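Everything below concerns the one structure shown next.
Note that the structure is predicted; figures quoted are calculated from it, not measured. Side-chain atoms are counted along with the backbone in the values below, which use heavy atoms only and exclude waters and symmetry mates. For reference, positions follow the sequence shown, starting with 1.
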Amino acid sequence: LSVHAQTVPHVNIWKKISLTQPIAPKFKSELDVQHRSQNNFFGNNSPFEENLLSSLRLTLMYQLNNRIAIHFSPFSYFNHHAIIQHENDLNRPSNHEIRFLAGLEVQGKLANRLKIFNKTGVEYRDFDTNVNTVRLRHKISLRYEINDEISLQLYEEPLVNIVGVPIHHFFDHNRLALLGSYQPTKHWRVETGYIHINRLSRNSAVTLEE
């Protein structure tokens, strides 16, 4: 059902900083600040050239046991900029969103250093200019721990709209990612990687490849 709208790839750079604060032995909070930029076909085509998204999110996490964790985000603020497909997209105003999320993460051990994670969440998305929507997301991940400091993660995460859009926009987007993580101390972790996305924009009948 997917038709790619561009032969020139959309290239984005995602940057995020997260601060985690333990509250109790099984309860912690996380605050993250995110910024995404995108390339501009009509400029120098650098992925740092134009804004794509900025966000601020608070998440509360409760570790029910060693396998199950509950996630709840009572508040997130997102500022979305248009994905640049045409030259007039550069002048389109940004769109603001308030988001609430509840989710469940279950992990298991497949081998000595190989773990599997299933994370399911439901989001309520309150837009200032568009119809509010409810979105379901499910992320399945494989994480291989090379040693105590370095790990590799492969995941796929489809996101679908279940309320607030026509049935032909049930599909929102899908992420396929390979990430590397380095944690030199228990207080610091650095993560980098590559994500491939197929996205169906709200006002489009064809998918974009990013």
Side-chain angles (χ1 to χ4, degrees), residues 1-18 30 32-39 47-48 50-57 59 61 69 71 73 76-85 95 97 99-108 114-125 127 133-144 151-165 168-181 189-210:
L1 297 178
S2 297
V3 178
H4 299 310
Q6 295 282 354
T7 55
V8 180
H10 292 263
V11 182
N12 308 330
I13 299 291
W14 293 18
K15 303 169 290 292
K16 184 171 76 170
I17 296 175
S18 299
E30 183 174 279
D32 66 64
V33 179
Q34 181 179 198
H35 180 259
R36 301 177 192 173
S37 57
Q38 61 180 317
N39 64 326
F48 296 95
E50 299 291 338
N51 291 321
L52 179 61
L53 179 146
S54 299
S55 71
L56 175 69
R57 174 166 50 198
T59 305
M61 291 164 279
H71 297 249
S73 177
S76 302
Y77 174 80
F78 289 78
N79 184 28
H80 300 273
H81 295 264
I83 298 174
I84 298 172
Q85 303 176 65
N95 182 26
E97 173 194 352
R99 186 182 302 180
F100 310 92
L101 177 142
L104 185 72
E105 183 177 63
V106 180
Q107 65 170 290
L114 181 63
K115 294 181 179 179
I116 185 170
F117 298 84
N118 279 281
K119 185 176 181 180
T120 301
V122 178
E123 300 173 320
Y124 179 77
R125 310 179 69 194
F127 296 96
T133 64
V134 176
R135 188 168 69 178
L136 179 68
R137 56 197 302 167
H138 180 77
K139 180 179 179 181
I140 182 167
S141 313
L142 292 173
R143 188 174 74 196
Y144 180 72
S151 64
L152 295 175
Q153 182 181 12
L154 176 68
Y155 78 76
E156 183 168 20
E157 185 178 21
L159 297 91
V160 295
N161 299 301
I162 55 177
V163 175
V165 298
H168 57 273
H169 273 74
F170 171 77
F171 174 76
D172 188 272
H173 70 279
N174 184 71
R175 301 174 180 174
L176 182 63
L178 177 63
L179 306 176
S181 176
R189 180 167 62 91
V190 180
E191 188 175 83
T192 186
Y194 172 82
I195 304 176
H196 180 271
I197 299 174
N198 285 320
R199 182 188 305 276
L200 184 61
S201 301
R202 182 187 289 260
N203 299 318
S204 177
V206 294
T207 60
L208 296 176
E209 188 173 1
E210 303 176 39

Aromatic rings F78 and H80: how do their planes relate, parallel, tilted or perpendicular, breaks at 30° and 60°?
->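 Rings of F78 and H80: parallel, as their planes differ by under 30°.
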
Point-to-point distance, once rounded to the nearest 0.5 Å, from [atom1] of [X] to [atom2] of [Y]:
{"X": "I116", "Y": "Q107", "atom1": "CD1", "atom2": "CD", "result": "11.0 Å"}
{"X": "I197", "Y": "N174", "atom1": "CD1", "atom2": "CG", "result": "9.0 Å"}
{"X": "T133", "Y": "R99", "atom1": "OG1", "atom2": "CZ", "result": "8.5 Å"}
{"X": "N12", "Y": "L53", "atom1": "CG", "atom2": "CG", "result": "10.0 Å"}
{"X": "I140", "Y": "T120", "atom1": "CD1", "atom2": "OG1", "result": "9.5 Å"}
{"X": "E210", "Y": "L52", "atom1": "CD", "atom2": "CG", "result": "7.0 Å"}

Is there side-chain contact between [X] and [Y], with heavy atoms separated by less than 4.5 Å?
{"X": "I195", "Y": "Y155", "result": "yes"}
{"X": "F117", "Y": "E105", "result": "yes"}
{"X": "F170", "Y": "L200", "result": "no"}
{"X": "H81", "Y": "R36", "result": "no"}
{"X": "K115", "Y": "S141", "result": "no"}
{"X": "R199", "Y": "H10", "result": "no"}

Specify the closest pair of heavy atoms between [X] and [Y], including all atoms of both residues, with the distance to one decimal.
{"X": "F48", "Y": "I13", "answer": "CE2-CG2, 3.8 Å"}
{"X": "S201", "Y": "I83", "answer": "OG-CD1, 4.1 Å"}
{"X": "S18", "Y": "D32", "answer": "OG-CB, 3.3 Å"}
{"X": "V160", "Y": "F171", "answer": "CG1-CA, 4.4 Å"}
{"X": "P47", "Y": "S37", "answer": "O-OG, 2.8 Å"}

Excluding sequence neighbours, so at least two apart, what forms side-chain contact (heavy atoms from CB on, under 4.5 Å) with S73?
->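 side-chain contact (heavy atoms from CB on, under 4.5 Å) check on S73 returns R57, T59, S76, L101.
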
Check side-chain hydrogen bond (donor to acceptor under 3.5 Å, both in side chains) between [X] and all other residues, then give those that pass, not counting sequence neighbours.
{"X": "R137", "result": "E123, E157"}
{"X": "R125", "result": "E97"}
{"X": "D172", "result": "R135, N161"}
{"X": "R189", "result": "E191"}

For Q38 and N51, indicate whether the former's side chain and the latter's backbone hold a donor-acceptor pair under 3.5 Å.
->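 Yes; judged by distance alone, with no hydrogens or angles, the pair exists.
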
H35 side chain to K15 main-chain N or O, any donor-acceptor pair under 3.5 Å?
->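 Absent.
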
Would you please name every residue forming a ring-ring contact (aromatic ring centres under 6.0 Å, His included) with Y144, sequence neighbours left out?
->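 Listed in chain order: nothing, the list is empty.
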
For atom OH of Y77, is the number of surrounding heavy atoms from other residues, nucleotides or ligands below 6.0 Å larger than 12?
->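 Yes.
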
Could you check V163 against Y124 for side chain to side chain contact (heavy atoms under 4.5 Å, CB included), going step by step and ending with a plain yes or no?
-> CA-CA 9 Å; V163 175; Y124 179 77; over 6 Å; no

Assess whether side chain to side chain contact (heavy atoms under 4.5 Å, CB included) is satisfied between V134 and V122, documenting all intermediate values.
-> CA-CA 7 Å; V134 176; V122 178; 3.8 Å; yes

